[in-house]
Amino acid sequence: MHAAVIDWYRRHARVLPWRSADRTAWAVMVSEFMLQQTPVGRVLPVWEEWLRRWPSPADLAAEPSGEAVRAWGRLGYPRRALRLHAAAAAITERHGGRVPDDEADLLALPGVGAYTAAAIAAFAHGRRAVVLDTNIRRVFSRTLQGQALPRPSMTVAESRLARALLPADDADAAEWNVAVMELGALVCTARAPRCDDCPLAARCTWLAAGRPAADHRPPGQTWAGTTRQLRGAILAVVREATEPVDVAALLRTTTGPVDGPTAGSSGKPPVRYRRALAVLASLGHDDDRVRAALDGLAADGLVQLEDTDGVGARGRAGNGVRTVRLPD
DNA sequence: TATACGTGGAG
DNA sequence: TCTCCAAGTAT
């Protein structure tokens, strides 16, 4: 199994900048944060710009967290930007500016969970670590258990299995991890697996069984009308704005014509805000809901609310809060 | 353990 | 169109 997968990987692996020989541990760490729940294609340009601007953890830590949120752009889950910024600060303070190679140290960093800690140890430092992401879980689920998809939550058995399959040598283990992950990403995909091109086809339990359908259905995330959509729309406006956004004007967009908070001297909102403003207009008819979303964003540290005196508001949005902007 | 948390491309 | 889903983490 090892030989088949690693041989396939050496011939078919994508050329990705965070896999280049001259990459830094920081570059790998940034990629791991960005790749959480986000496709490679969308990460690429943001990652390039991020590393150009902040080549080391200390460079990022020296900036306001709001700059991280802005540079995160439209990657999604912007709290990751905040956590990466906080992790960079922790690395600068506690680890002399070097990305730790110890899994326990990595796990202690904001935004670093079991997967990311193992991935950084393995891919940035060549350490032997049990890397278990959705791709690897799916490959094991099919080839070894005959199941189309792994269970929604990780099981102890899975973790034990992955550890048992891990090559003893550090370098071999690191390559095995990335190879299985790549196989899951390119061939053993969730929707339409390309079993004809799979190096494990001859020994795949699931394929032998005739590719039975999954016995359970993933939760399925709703989107339209959710707080998440509202948060996204608000943040899209704030992220692009060069000035603090007036909250009253933001609320007006929920009932009136789309103008105000982002309107320039022309009186017309920039085209890139149109979509977000349309969302606000369609969803936000309840001002309390918009305020609640603002409070949530502020509680997460993604935005900063200010009152008339320009002092950061600790209370609820709406109690004298006038503007919203990215945090310092 | 179940939920919340963004975004946009693919089928 | 519309549903599914992508290198998860925190609570």
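Proteins come first, then strands; the chains are lettered A, B, ... in the order of their sequence lines, and each starts at number 1.
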Rounded to the nearest angstrom, tell me the gap between atom CH2 in A/Trp223 and atom C1' in C/dC5. 14 Å
May I ask you to verify if any side-chain N or O of A/Arg138 is less than 4.0 angstrom from the OP1 or OP2 atom of C/dA6? yes
Give me, pair by pair, the N or O atoms of the protein and of nucleotides 2-4 of chain C that are less than 3.5 Å apart, along with how far apart they are.
| from | atom 1 | to | atom 2 | distance (Å) |
| --- | --- | --- | --- | --- |
| C/dC4 | O2 | A/Arg191 | NH2 | 2.7 |

Would you indicate what A/Val112 reaches in the nucleic acid, counting non-hydrogen atoms under 4.0 angstrom: base, sugar-phosphate, or nothing? sugar-phosphate
Under 4.0 Å between a side-chain N/O of A/Gln37 and OP1 or OP2 of C/dG8, yes or no? yes
Between atom CD1 in A/Ile234 and atom P in B/dG6, what is the gap in whole Å? 11 Å
If the cut-off is 4.0 Å, is A/Arg231 near the phosphate of B/dG6, judged by side-chain N/O to OP1 or OP2? yes
State whether the distance check finds a donor on one side and an acceptor on the other, under 3.5 Å, for side chain A/Arg42 versus base B/dT7. yes
A/Ser31 near the nucleic acid: base, sugar-phosphate alone, or nothing, with a heavy-atom cut-off under 4.0 Å? nothing
Which is true for A/Leu16 with a 4.0 Å heavy-atom rule: it touches a base, it touches only sugar-phosphate, or it touches nothing? base
Can you tell which of C/dA10, B/dG6, C/dA7 lies closest to the side chain of A/Met181? C/dA7
Between C/dA10 and B/dG8, how far is it from one C1' atom to the other, in whole Å? 24 Å
Looking at A/Gln147, is its backbone amide N or carbonyl O close enough to the side chain of A/Ser141 to form a donor-acceptor pair, meaning the two atoms are under 3.5 Å apart? yes
Would you say the side chain of A/Thr38 and the base of B/dG6 hold a donor-acceptor pair, judged only by whether the two atoms sit under 3.5 Å apart? yes
Which value, in whole Å, describes the distance between the P atoms of nucleotides C/dA7 and B/dT3? 23 Å
Short side-chain donor-acceptor distance under 3.5 Å, A/Trp54 and A/Glu63: yes
I need the CD-P distance between A/Gln229 and B/dG8, as an integer number of Å. 12 Å
A/Trp50-A/Trp72 aromatic ring centre distance below 6.0 Å: yes
Nearest-Å distance once atom C1' is located in both C/dC4 and B/dG6: 15 Å
First encountered from the 5' end of DNA chain C, between A/Pro110 and A/Arg14: A/Arg14
If you check every side-chain atom of A/Tyr115, which of C/dA6, C/dT9, B/dT7 has the closest atom? C/dT9
Side-chain donor/acceptor of A/His2 to backbone N/O of A/Asp172, under 3.5 Å: no
Identified side chain to side chain contact (heavy atoms under 4.5 Å, CB included) partner of A/Gln304 from the options A/Leu297, A/Val238, A/Asp328, A/Val324: A/Asp328
Under 4.0 angstrom, heavy atoms only, what part of the nucleic acid is A/Gly113 near: base, sugar-phosphate, or nothing? sugar-phosphate
Would you compute the distance between atom CZ of A/Arg138 and atom CE of A/Met181 and round it to the nearest 0.5 angstrom? 11.5 Å
Classify the nucleic acid contact of A/Pro39 as base, sugar-phosphate or nothing, counting any heavy atom under 4.0 Å across all strands shown. base
Just checking, any donor-acceptor pair under 3.5 angstrom between side chains of A/Thr38 and A/Arg80? yes
Distance only, no hydrogens: is a donor on one side chain within 3.5 Å (strictly under) of an acceptor on the other, for A/Tyr115 and A/Gln36? no
Side chain of A/Trp18 - closest among B/dG6, C/dA7, C/dG8: C/dA7
Nearest heavy atom decides the nucleotide; on that basis, is A/Ala192 or A/Arg239 closer to the 5' end of DNA chain B? A/Arg239
Which nucleotide wins on minimum distance to the side chain of A/Val40, given the candidates C/dC5, B/dA4, C/dA7? C/dA7
For atom CD of A/Glu182 and atom C1' of C/dA6, their distance in whole Å: 14 Å
Rounded to whole Å, please give me the gap between CZ in A/Arg228 and C1' in C/dA10. 14 Å
Quick check on A/Arg14: does its CZ atom have over 12 non-hydrogen neighbours (other residues, nucleotides or ligands) under 6.0 Å away? yes
Could you state the CG-P distance from A/Leu106 to C/dA7, rounded to the nearest angstrom? 21 Å
In whole Å, what is the span from the CG atom of A/Leu107 to the C1' atom of C/dA10? 12 Å
What nucleotide among C/dA7, C/dA6, B/dG6 has an atom nearest to a side-chain atom of A/Ala190? C/dA6
What integer distance in Å separates A/Leu75:CG from B/dC5:P? 19 Å
Distance check: side-chain N/O of A/Thr116 vs OP1/OP2 of C/dT9, anything under 4.0 Å? yes
Pairwise 5' ranking along DNA chain B for A/Leu297 and A/Met154, keeping only the more 5' one: A/Met154
